[in-house]
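Here's the structure, in structure tokens; my notes come after.
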Amino acid sequence: MEKLQPVRGTHDILPDEHEQRRFITNQIADLASCYGYNEIATPIFEFTEVFQRTLGDTSDIVSKEMYTFEDRSGESITLRPENTAGVARALISNGLTQSLPLKFFYSGPMFRYERPQKGRLRQFHQVGVELLGVQETLGDIEIISLGAESLSKLGLLEKTRLEVNSLGDKESRLNYREALVGYLSQHSKSLSEDSLRRLSSNPMRILDSKEDSDKEILRNAPNISEFLNEESASFFAKVCAGLDKLGIVFEINQQLVRGLDYYCHTAFEFVTDELGSQGTVLAGGRYNDLVEMMGGVPTSGIGWAAGIERLASLTHFTSKKQRPISVIPIGDNALEKMLPIISSLRKSGFTIDLGFRGNLSKRMKRANLLNSCYAIIIGDDEIAKSLAVFRNLDTGDQHEVLLNQLHAELTRLLPNSGIKN
RNA sequence: GCGGGCGUAGCUCAGCUGGUUAGAGCACCUGAUUGUGGUUCAGGGGGCCGUGGGUUCAAAUCCCAUCGCUCGCCCCA
């Protein structure tokens, strides 16, 4: 509660910034809608087990990044660190497995207890999609394509590169894991402290270590591709072929390992070099075991999430807002006369600002400050003649318009304003 | 959890080898302009110099602690 600051790692989103974020969200939501994805919203907190059971005890999220607390009835509650587990839970809770396949889009805040830095917050926001009940490679291809198009629509595709990898099915992964542990154990003396710890808990995560000493050892480590069984290998090959067919450029990164336990087969990340070490902008993968892990019927799934703050910091945005029209009544009579007219203009969809106080000069200043395009000025002289002074604030030209012609005049001058439907 | 940088006006910052009443630009308010904005001019309000302690005749300035912000590591969106 020191000095009325927001909690560390959280920020107020003021109107200018919010407009950009809403724009980004809408762009992706519209695109997802074209792909047939429907918006879903799950609670921003869940019982802790929802995340604990699915993300994996050894994942960083569960081991040190969860916002967990006890509520008044003693239940352990966790603010969602990501939304895939919540969507999977909702699928089960609502018996939606009857109507597979399902395509979901979501957006909203996520929470992770981390040290904030550039592109990383404790409360951040994601948009994401989940495709449930599709085990065909067509699902992987559609999801990655939707990710690529989302970035493209925001003009960010050329700022990122797509990396993909296959983690294979369970059998392939176990075989690989064994081989990897065998290899790394021979070099355990030279491994970094963190990697050494992961050797027993989560050895695959050592693959994306950034320690030079680890990288050196990893250079000769076995590759996952050599351990994919026939089914997994052909699955991955089909995904890659599909991406090629769609003209989606990607590179295979065998070190790419997603941090969460529930991933299998396809894993992918769109990364940029423009955000320091937080380069991942949009990332996801396949999670065929997740729903079953939560106690539902086996249901395959694939999806991705993108960080809105990261997208926003890569995007140059200019406001798309309508410039307002300032109505400036002088005196109580004029105000009374204009109130119903203002109300009617607003109902027609025009953006009207009625400065709340001040003389003509003050109100003109406000009109200028708001970047209004026109000022409609009316005083006793004008009332007597049932008209208003209509001033173009860019040119300074002004002319008189009958009050009953105001709507027509604005419609003529601002054909793109007004209610669309 | 670990390391670096920084906390002075609403914002961006100057001042810091200690020395009157702490400054600038932008923003804000008032007036020139009581029926006309942007430009200009004149004036004005605003600061526990992050907080606590220490050194000193004297601290925004030096030292320590603490809190906050920020950047990086780990990891992730």
Side-chain angles (χ1 to χ4, degrees), chain A residues 1-11 24 55 58-65 80-84 107-128 147 151 160 192-195 197-198 202 205-206 208-212 214 256-260 269-272 275-284 303-314 326 328-331 334 355 358-382 388-398:
Chain A
M1 284 289 261
E2 291 300 310
K3 285 196 296 186
L4 289 183
Q5 282 191 328
V7 174
R8 163 173 260 197
T10 69
H11 286 301
I24 290 171
L55 302 180
T58 58
S59 71
D60 276 38
I61 290 185
V62 170
S63 60
K64 59 176 195 182
E65 293 171 3
R80 61 185 187 190
E82 53 94 51
N83 206 14
T84 302
S107 73
M110 308 293 159
F111 306 84
R112 290 183 199 174
Y113 192 89
E114 301 181 272
R115 286 286 292 265
Q117 57 187 276
K118 191 187 184 72
R120 169 183 301 165
L121 297 162
R122 287 187 173 179
Q123 177 179 338
F124 61 106
H125 299 77
Q126 288 185 330
V127 296
L151 293 173
T160 61
S192 69
E193 202 180 313
D194 278 339
S195 295
R197 188 164 36 77
R198 292 200 188 102
N202 198 342
R205 291 274 304 293
I206 297 173
D208 54 17
S209 167
K210 279 153 195 154
E211 291 282 337
D212 286 340
D214 291 344
L256 173 61
V257 185
R258 312 251 56 226
L260 309 178
E269 289 186 355
F270 287 86
V271 295
T272 178
L275 285 179
S277 57
Q278 276 70 244
T280 308
V281 167
L282 184 155
W304 52 252
I308 299 212
E309 286 81 2
R310 292 185 185 177
L311 293 173
S313 65
L314 290 172
S326 288
I328 305 182
I330 304 158
N359 58 24
L360 177 55
S361 174
K362 290 247 175 57
R363 287 169 184 249
M364 285 296 284
K365 274 197 173 123
R366 176 175 167 86
N368 201 56
L369 202 69
L370 294 177
N371 191 30
S372 293
C373 48
Y374 298 103
I376 296 171
I377 304 161
I378 180 168
D380 290 336
D381 297 351
E382 286 77 16
V389 171
F390 196 99
R391 183 179 177 88
N392 181 321
L393 291 174
D394 294 329
T395 63
D397 297 337
Q398 62 184 44

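Throughout, a chain's letter reflects where its sequence line sits, starting with A, and its residues are numbered from 1. Since the model is a prediction, treat every value here as computed from it, not as a measurement.
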Next on the checklist: If you only use heavy atoms from C-beta on, which nucleotide in B/C76, B/U36, B/G72 is closest to the side chain of A/R112?
Outcome noted: B/C76
Restricting both atoms to N or O, compile the protein contacts to nucleotides 31-33 of chain B shorter than 3.5 Å, with distance only.
none

Checklist entry - Checking all strands, does A/L311 fall into the base, sugar-phosphate, or nothing category for heavy-atom contacts under 4.0 angstrom? => result nothing
Next on the checklist: Checking A/Q126 now: which residues fulfil side chain to side chain donor-acceptor pair (under 3.5 Å) with it, not counting sequence neighbours?
Outcome noted: none
Checklist entry - In chain order, what residues pass the side chain to side chain donor-acceptor pair (under 3.5 Å) check against A/R391, with sequence neighbours excluded? => result A/Q398
Checklist entry - In terms of the nearest nucleotide of RNA chain B, which residue is placed more toward the 5' end: A/F124 or A/H11? => result A/H11
Checklist entry - So, the side chain of A/R122 versus the backbone of A/P116: is there a donor-acceptor pair under 3.5 Å, distance only? => result no
Checklist entry - Contact class for A/L121 (heavy atom, under 4.0 Å): base, sugar-phosphate, or nothing? => result base
Checklist entry - Within the modelled atom types, does a donor on one side and an acceptor on the other bring the side chain of A/R391 and the base of B/G37 under 3.5 Å apart? => result yes
Checklist entry - Looking only at atom types and distance, does a side-chain atom of A/Q123 sit under 3.5 Å from a main-chain N or O of A/G9, one as donor and one as acceptor? => result no
Item to check | Distance between C1' atoms of B/G5 and B/C75 (Å, rounded) | outcome: 22 Å
Next on the checklist: The side chain of A/I330 is closest to which nucleotide in this list: B/G35, B/G37, B/C76?
Outcome noted: B/G35
Next on the checklist: By the 4.0 Å heavy-atom rule, please label A/G119 as base, sugar-phosphate, or nothing.
Outcome noted: base
Checklist outcome for this item: By side chain to side chain donor-acceptor pair (under 3.5 Å), A/E114 pairs with (sequence neighbours left out) none
Next on the checklist: When you measure only distances, ignoring hydrogens and angles, does the side chain of A/R115 come within 3.5 Å of the base of B/C73 through a donor and an acceptor?
Outcome noted: no
Checklist entry - Hey, is the side chain of A/R8 pairing donor to acceptor with the base of B/C67 inside 3.5 Å? => result no
Checklist entry - On a plain distance test, is the side chain of A/E65 in donor-acceptor contact with the base of B/G1 below 3.5 Å? => result no
Item to check | A/D381: partners by side chain to side chain donor-acceptor pair (under 3.5 Å), with sequence neighbours left out | outcome: none
Checklist entry - Considering only the C1' atoms, how many Å lie between B/A27 and B/G10, rounded to the nearest integer? => result 7 Å
Checklist entry - Quantified in whole Å, what is the C1' atom distance between nucleotide B/A59 and nucleotide B/G52? => result 15 Å
Checklist entry - Of A/P6 and A/A305, whose closest RNA chain B nucleotide lies nearer the 5' terminus? => result A/P6
Checklist entry - Picking from B/G35, B/C74, B/C28, which would you name as closest to the side chain of A/L369? => result B/C28
Checklist entry - Heavy atoms under 4.0 Å, any strand shown: does A/D380 hit a base, just sugar-phosphate, or nothing? => result base
Next on the checklist: Going by the rule ring-ring contact (aromatic ring centres under 6.0 Å, His included), which residues pair with A/Y374 if we only count those two or more places apart in sequence or in a different chain?
Outcome noted: A/F390
